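Here's the structure we're looking at; comments come further down.
What you see is a predicted model, and the numbers here were worked out from it, not measured in a lab.
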Amino acid sequence: CEAEFKKFVARRYNNDINELNTQWWSTFWSHNYRSFDDVEIPTPLGEQSIHGLNIDFKRFATYQTIDFMKNEIAAIREACPDLPVTTNMMGTYDGLNYWELGEEIDIASWDSYPKWHSPDHETDLVHASFCHDFYRSLKGRSFLLMESAPGCVNWKEVNTLKRPGLDTLQGLQTIAH
């Protein structure tokens with residue numbers, strides 16, 4: 001991954017390490033790079049304070065994900081040319097650029113798991129509405145709600161049972177958007 005990231009940033013900055021240093025404003029952080037071999041992926045054990053490094057790593061993650069998706073889509077298209085393709089997207093996750101992923105898929109879809117009975121549940125409802133609208137905007141048409149849960153999930157800190165009618169409410173909210 002790191003070797004491919006080094007190649008990615010080298011291409012992005014025209015194989016000019018000075019251009020990378022200028023664009024990342026690395027002098028401000030007293031961290032000028034001497035070569036692309038010095039560039040490392042951002043990790044808790046390494047560099048995380050250079051904003052250009054962080055955003056370029058997110059760009060790289062999107063690039064790699066799209067490259068993988070294109071290979072998967074090609075295999076699907078070969079077997080079933082008329083089958084629409086999609087992928088699970090996750091709310092406002094910022095690790096990938098969903099606008100770029102949206103260009104490669106036929107239908108936008110996402111996974112919605114609002115915290116219905118949290119103290120801040122109104123914010124969660126607004127966030128779900130925002131996400132519905134966002135995913136509709138990716139293709140300019142209806143989207144799929146790929147995942148939701150009629151009951152508890154195994155990954156929340158606290159799992160409260162849904163009150164009667166909340167599944168219907170969530171379904172109607174999705175359809176409304």
Side-chain angles (χ1 to χ4, degrees), residues 1-78 84-115 118 120 123-124 126-141 143-147 153 155-157 177:
C1 181
E2 190 165 89
E4 290 302 312
F5 179 59
K6 291 173 194 251
K7 293 176 191 174
F8 176 84
V9 294
R11 282 191 309 271
R12 180 166 173 74
Y13 296 104
N14 304 311
N15 291 311
D16 183 349
I17 197 65
N18 293 322
E19 185 177 341
L20 176 139
N21 284 318
T22 299
Q23 294 299 318
W24 285 6
W25 206 30
S26 56
T27 301
F28 178 83
W29 298 104
S30 299
H31 194 145
N32 282 332
Y33 292 90
R34 292 171 290 134
S35 81
F36 288 102
D37 290 333
D38 295 339
V39 176
E40 298 176 344
I41 60 174
T43 69
L45 299 176
E47 183 61 68
Q48 289 186 293
S49 61
I50 297 178
H51 304 304
L53 168 68
N54 295 330
I55 192 71
D56 274 341
F57 188 72
K58 288 182 179 186
R59 289 175 176 133
F60 170 71
T62 297
Y63 169 82
Q64 290 289 85
T65 301
I66 289 172
D67 188 55
F68 175 78
M69 283 175 52
K70 285 179 177 179
N71 284 302
E72 294 292 308
I73 290 168
I76 292 169
R77 297 266 190 254
E78 186 177 324
V85 294
T86 190
T87 190
N88 294 46
M89 295 186 235
M90 304 172 294
T92 53
Y93 173 70
D94 71 349
L96 296 170
N97 182 334
Y98 285 154
W99 289 104
E100 290 187 28
L101 265 65
E103 293 176 16
E104 304 301 327
I105 57 176
D106 298 315
I107 302 168
S109 63
W110 80 289
D111 303 340
S112 178
Y113 295 98
K115 300 176 203 153
S118 70
D120 197 26
T123 301
D124 287 330
V126 170
H127 182 260
S129 293
F130 169 81
C131 290
H132 290 325
D133 290 341
F134 171 71
Y135 288 107
R136 186 165 194 252
S137 74
L138 282 182
K139 301 303 284 183
R141 62 178 185 270
F143 62 94
L144 292 176
L145 178 59
M146 183 70 80
E147 290 183 15
V153 294
W155 45 263
K156 287 188 180 177
E157 290 180 27
H177 288 273

Relative to each other, are the rings of F130 and F134 parallel, tilted or perpendicular (30° and 60° limits)?
parallel
Side-chain heavy atoms of I66 within contact of Y63, under 4.5 Å:
no
Any side-chain to backbone donor/acceptor pair from S109 onto M146? Under 3.5 Å, distance only.
no
Give a yes or no on this: more than 12 heavy atoms of other residues, nucleotides or ligands lie within 6.0 Å of atom CD of E2.
yes
Check the pair R77, D106 against salt bridge (Lys or Arg N to Asp or Glu O under 4.0 Å), reporting the backbone distance first and the verdict last.
CA-CA 12 Å; R77 297 266 190 254; D106 298 315; 2.7 Å; yes
When you check the side-chain N and O atoms of Q64 and T62, is any donor under 3.5 Å from an acceptor?
no
Between Y113 and W155, is the gap from one ring center to the other below 6.0 Å?
yes
Please check: side-chain N/O of N14 versus main-chain N/O of A10, any donor-acceptor pairing under 3.5 Å?
no
For the residue pair M69 and L101, what are the closest heavy atoms and their distance?
SD-CG, 3.8 Å
Report the relative orientation of the aromatic rings in F57 and F60; use parallel for angles under 30°, tilted for 30 to 60°, perpendicular for over 60°.
tilted
Can you tell me how far OG of S112 sits from CD of E147, rounded to the nearest 0.5 angstrom?
10.5 Å
Residue set satisfying salt bridge (charged side-chain N to carboxylate O under 4.0 Å, His left out) with K70, at least two apart, ordered chain then number -> none
Exercise: identify the closest heavy-atom pair between H127 and T92:
NE2-OG1, 3.1 Å
On a heavy-atom basis, the closest approach of D111 and N88 is OD1-ND2, 3.0 Å
Is there a side-chain contact between F8 and R59, using heavy atoms and a 4.5 Å cut-off?
yes
Flag side-chain contact, heavy atom, 4.5 Å: E47 against H31:
yes
For P114 and A128, the nearest pair of non-hydrogen atoms, with its separation, is CG-CB, 4.4 Å
Return the set of residues passing side-chain contact (heavy atoms from CB on, under 4.5 Å) with I17 (not counting sequence neighbours), or none when no residue passes.
L20, N21, Y33, F36
Any donor-acceptor pair under 3.5 Å from K139 side chain to A108 backbone
no
Looking only at atom types and distance, does a side-chain atom of T43 sit under 3.5 Å from a main-chain N or O of G46, one as donor and one as acceptor?
yes
Rounding to 0.5 Å, atoms CG (D67) and CD (E4) come to a distance of 9.0 Å
Check for a donor-acceptor pair, side chain of E72 on one end and backbone N or O of A74 on the other, with a separation under 3.5 Å.
no
Taking C-beta and beyond as the side chain, do I73 and E78 meet within less than 4.5 Å on heavy atoms?
no
Using salt bridge (charged side-chain N to carboxylate O under 4.0 Å, His left out) as the criterion, list what pairs up with R12, not counting sequence neighbours.
D56
Between W24 and Y13, how do the two ring planes meet: parallel, tilted or perpendicular, split at 30° and 60°?
perpendicular
In Å and rounded to the nearest 0.5 Å, what is the CG to CD distance from L138 to E103?
10.0 Å
Euclidean distance, S49 OG relative to F28 CZ, rounded to 0.5 Å
9.5 Å
From S35 OG over to K6 NZ, what is the distance, rounded to the nearest 0.5 angstrom?
7.5 Å
Donor-acceptor check, side chain of N54 to backbone of Q48, threshold 3.5 angstrom: yes or no?
yes
Tell me whether K58 contacts the main-chain N or O of L96 through its side chain, where contact means a donor paired with an acceptor under 3.5 Å.
no
Heavy atoms of other groups near W99 CH2, more than 12 under 6.0 Å
yes
Which word best sums up how the rings of H132 and W110 line up, parallel for under 30°, tilted for 30 to 60°, or perpendicular for over 60°?
perpendicular
CG of L53 to CD1 of I41: how many Å apart, nearest 0.5 Å?
9.5 Å
